[in-house]
Amino acid sequence: MRVAVFTEPHRGADYDDQLRFARLVEAGGFDGFFRADHYQAMGDEPGLPGPTDAWLTLAALARETSRIRLGTLVTSATFRLPGPLAVMVAQVDRMSGGRVELGIGAGWYEREHTSYGIPFPAVGERFDRLAEQLEIVTGLWRTPVGETYSYTGDHYRLVDAPALPKPAQRPGPPVIVGGRGPKRTPELAARYADEYNMPFKSVEETAAAFERVREASDRTGRTGLGRAPLVLSAGVVVAIGRTDAEARRRAEPLHVKSALPPEDPVVGSPAQLVDRLGEFAAIGATRVHLRLIELDDLDHLELIAGEVLPQLDGTR
């Protein structure tokens with residue numbers, strides 16, 4: 001089981017907060033540091049000092065870390081055009097020495113789009129755009145040096161793109177597609193992704209999502225095309241402590257009104273988290289992304305590194 005850490009800087013964290021946290025993630029033996037791609041907090045609090053751009057942050061962290069994987073869960077396809085996104089991620093991958101992963105989704109939080117003047121089409125169009133972005137980004141990365149890439153779709157058109165720079169990882173950084181959607185999400189994951197992530201739901205709901213993705217992989221002929229099976233991963237909201245009181249204190253932000261859908265957190269002891277990860281492993285998850293709520297709670301991170309990771313196999 002590979003264990004990465006997922007953070008939400010839009011709740012209130014500047015770059016220095018994230019750098020401090022990412023360095024401790026690396027020192028603690030975790031697999032990676034992933035962050036949300038949002039421009040606004042989701043509750044009533046403003047999230048001071050304000051948002052930090054996901055890919056600007058990851059570019060800086062690429063130069064300040066040496067081992068951990070770095071990526072997004074997930075970049076919103078509404079925020080960036082696919083051509084510049086491919087350039088951006090490829091550059092950060094080169095800056096990191098080949099440690100970047102692109103989690104990408106259709107976008108869902110309308111309020112931040114309205115606030116910052118970002119178009120927010122209907123859900124069907126957002127998924128259509130996501131499908132085209134996946135085709136374009138991976139197509140640009142796969143194009144051999146010296147050749148050009150062209151694409152004509154309903155929403156994007158590229159003509160003779162030089163398809164540069166190339167990422168350090170070939171044919172490109174791993175792509176993560178995740179979400180709770182029962183139809184289009186599994187299909188897109190099967191066609192384009194290297195990892196499917198089910199975010200922050202129960203073991204039973206995650207098992208059902210994994211099965212939908214397996215069925216989509218069979219329908220799309222993924223295996224017959226010689227592509228590796230999808231990595232199946234689970235997102236887990238975590239609030240653990242050495243005592244029940246400490247765990248409850250860490251869980252307090254979970255009770256604040258938010259635009260996020262209902263989740264299934266682990267609130268309790270390190271042993272309870274180990275047990276939950278074992279349940280996810282039993283249904284086929286080989287990676288988990290632990291969502292830690294407060295970026296300034298370094299003790300929480302150290303507790304997991306010291307008392308949870310040593311009980312798992314293949315965490316480093």
Side-chain angles (χ1 to χ4, degrees), residues 6 34 36-38 54 71-83 85-86 89 101-113 118-142 151-158 172-202 204-225 227-235 259-263 283-285 287 289:
F6 169 66
F34 287 73
D37 185 12
H38 285 292
T72 49
L73 284 177
V74 290
T75 279
S76 176
T78 56
F79 288 173
R80 302 168 185 88
L81 296 172
L85 177 62
V89 178
E101 304 186 26
L102 171 63
I104 185 169
W108 65 273
Y109 188 35
E110 185 173 6
R111 176 178 158 187
E112 65 186 335
H113 292 75
I118 303 169
F120 188 73
V123 63
E125 181 179 331
R126 296 202 307 274
F127 270 92
D128 291 342
R129 288 178 176 272
L130 172 61
E132 291 192 20
Q133 290 213 4
L134 285 162
E135 179 69 35
I136 292 166
V137 170
T138 57
L140 286 166
W141 290 341
R142 289 195 305 263
Y151 175 87
T152 300
D154 293 332
H155 302 286
Y156 306 104
R157 181 169 181 260
L158 285 73
V175 173
I176 305 171
V177 169
R180 306 170 181 88
K183 296 180 180 179
R184 297 198 68 180
T185 298
E187 294 288 337
L188 291 174
R191 290 184 183 278
Y192 296 106
D194 301 282
E195 176 178 331
Y196 168 76
N197 176 257
M198 177 61 163
F200 317 125
K201 302 300 281 187
S202 69
E204 293 75 17
E205 291 170 295
T206 302
F210 285 178
E211 186 56 32
R212 290 193 294 268
V213 170
R214 293 186 184 103
E215 292 171 355
S217 294
D218 291 339
R219 286 195 303 273
T220 59
R222 180 187 179 97
T223 304
L225 295 173
R227 297 188 62 192
L230 276 165
V231 172
L232 300 176
S233 69
L260 290 169
E263 300 165 334
I283 63 169
R287 191 185 208 188
H289 299 268

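The figures here come from the full heavy-atom set of this structure, side chains too, leaving out hydrogens, waters and symmetry mates.
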Does the R227 side chain pair with the main chain of R191, one donor and one acceptor, at a distance under 3.5 Å? yes
Take E187 and R219, measure what salt bridge (charged side-chain N to carboxylate O under 4.0 Å, His left out) needs, and give me the verdict at the end. CA-CA 9 Å; E187 294 288 337; R219 286 195 303 273; 2.4 Å; yes
Which heavy atom of E195 sits nearest a heavy atom of S233, and at what distance? OE2-OG, 2.6 Å
Going by the angle between their ring planes, with limits at 30° and 60°, are F34 and H289 parallel, tilted or perpendicular? perpendicular
By side chain to side chain donor-acceptor pair (under 3.5 Å), which residues pair with T185, not counting sequence neighbours? none
What are the two closest non-hydrogen atoms of A209 and Y196, and how far apart are they? CB-OH, 3.5 Å
Hits for side chain to side chain donor-acceptor pair (under 3.5 Å) against R142, two or more places apart or cross-chain, chain-then-number order -> T138
Show your working on side chain to side chain contact (heavy atoms under 4.5 Å, CB included) between R214 and L232 and close with a plain yes or no. CA-CA 10 Å; R214 293 186 184 103; L232 300 176; 3.5 Å; yes
How long is the straight-line distance from CD of E211 back to OG1 of T206, given to the nearest 0.5 Å? 13.5 Å
So do the side chains of L102 and V137 get within less than 4.5 Å of each other, counting heavy atoms only? yes
R157, CZ atom: more than 12 neighbouring heavy atoms under 6.0 Å: no
Do you know which two heavy atoms are closest between A216 and P186, and how far apart they sit? CB-O, 3.5 Å
Sequence neighbours excluded, the answer for side-chain contact (heavy atoms from CB on, under 4.5 Å) partners of P229 is none
How close do E205 and M198 get, heavy atom to heavy atom, and via which atoms? O-CE, 3.9 Å
Nearest 0.5 Å, what's the CD1-CG distance between I176 and L230? 11.0 Å
With sequence neighbours left out, write down each residue that passes side chain to side chain donor-acceptor pair (under 3.5 Å) with S76, or none if nothing qualifies. T78
Between N197 and V177, is the side chain to side chain contact (heavy atoms under 4.5 Å, CB included) condition met? List the steps. CA-CA 6 Å; N197 176 257; V177 169; over 6 Å; no
Under a 4.0 Å threshold between the charged nitrogen and the carboxylate oxygen, would K201 count as salt-bridged to E263? no
Please list, one pair per line, the donor and acceptor atoms closer than 3.5 Å that link side chains of residues 121-130 to other protein atoms, with sequence neighbours excluded.
| from | atom 1 | to | atom 2 | distance (Å) |
| --- | --- | --- | --- | --- |
| E125 | OE2 | R129 | NE | 2.9 |
| E125 | OE2 | R129 | NH2 | 3.1 |
| R126 | NE | G107 | O | 2.9 |
| R126 | NH1 | P121 | O | 2.8 |
| R126 | NH2 | G107 | O | 3.4 |
| D128 | OD1 | R184 | NH1 | 2.8 |
| D128 | OD1 | R184 | NH2 | 3.0 |
| R129 | NH1 | Y156 | OH | 3.4 |

CD1 of I104 to CD of Q133, rounded to nearest 0.5 Å, is 5.0 Å
W141 side chain vs A86 backbone, donor-acceptor pair below 3.5 Å: yes
Closer than 3.5 angstrom, by distance alone: can the side chain of T220 be matched with the main-chain N or O of S217 as a donor-acceptor pair? yes
I need the F120 CZ to W108 CH2 distance, nearest 0.5 Å. 9.0 Å
Provide the closest heavy-atom pair for P173 versus V89 in the form atom of the first, atom of the second, distance. CG-CG1, 4.2 Å
Has Y151 got a side-chain atom pairing as donor or acceptor with E132's backbone, closer than 3.5 angstrom? no
Rounded distance [0.5 Å steps], CD1 in I136 versus NE2 in H155: 10.5 Å
Taken in chain and number order and not counting sequence neighbours, the residues that satisfy side chain to side chain donor-acceptor pair (under 3.5 Å) with R80 are D37, Y39, D53
Quick test of your reading of the model: are K183 and E215 salt-bridged, counting only N-O distances below 4.0 Å? no
Measure the acute angle between the ring planes of H38 and Y109, then classify it against the limits of 30° and 60° as parallel, tilted or perpendicular. perpendicular
Closest contact, heavy atoms only, F6 versus L73: CE1-O, 3.1 Å
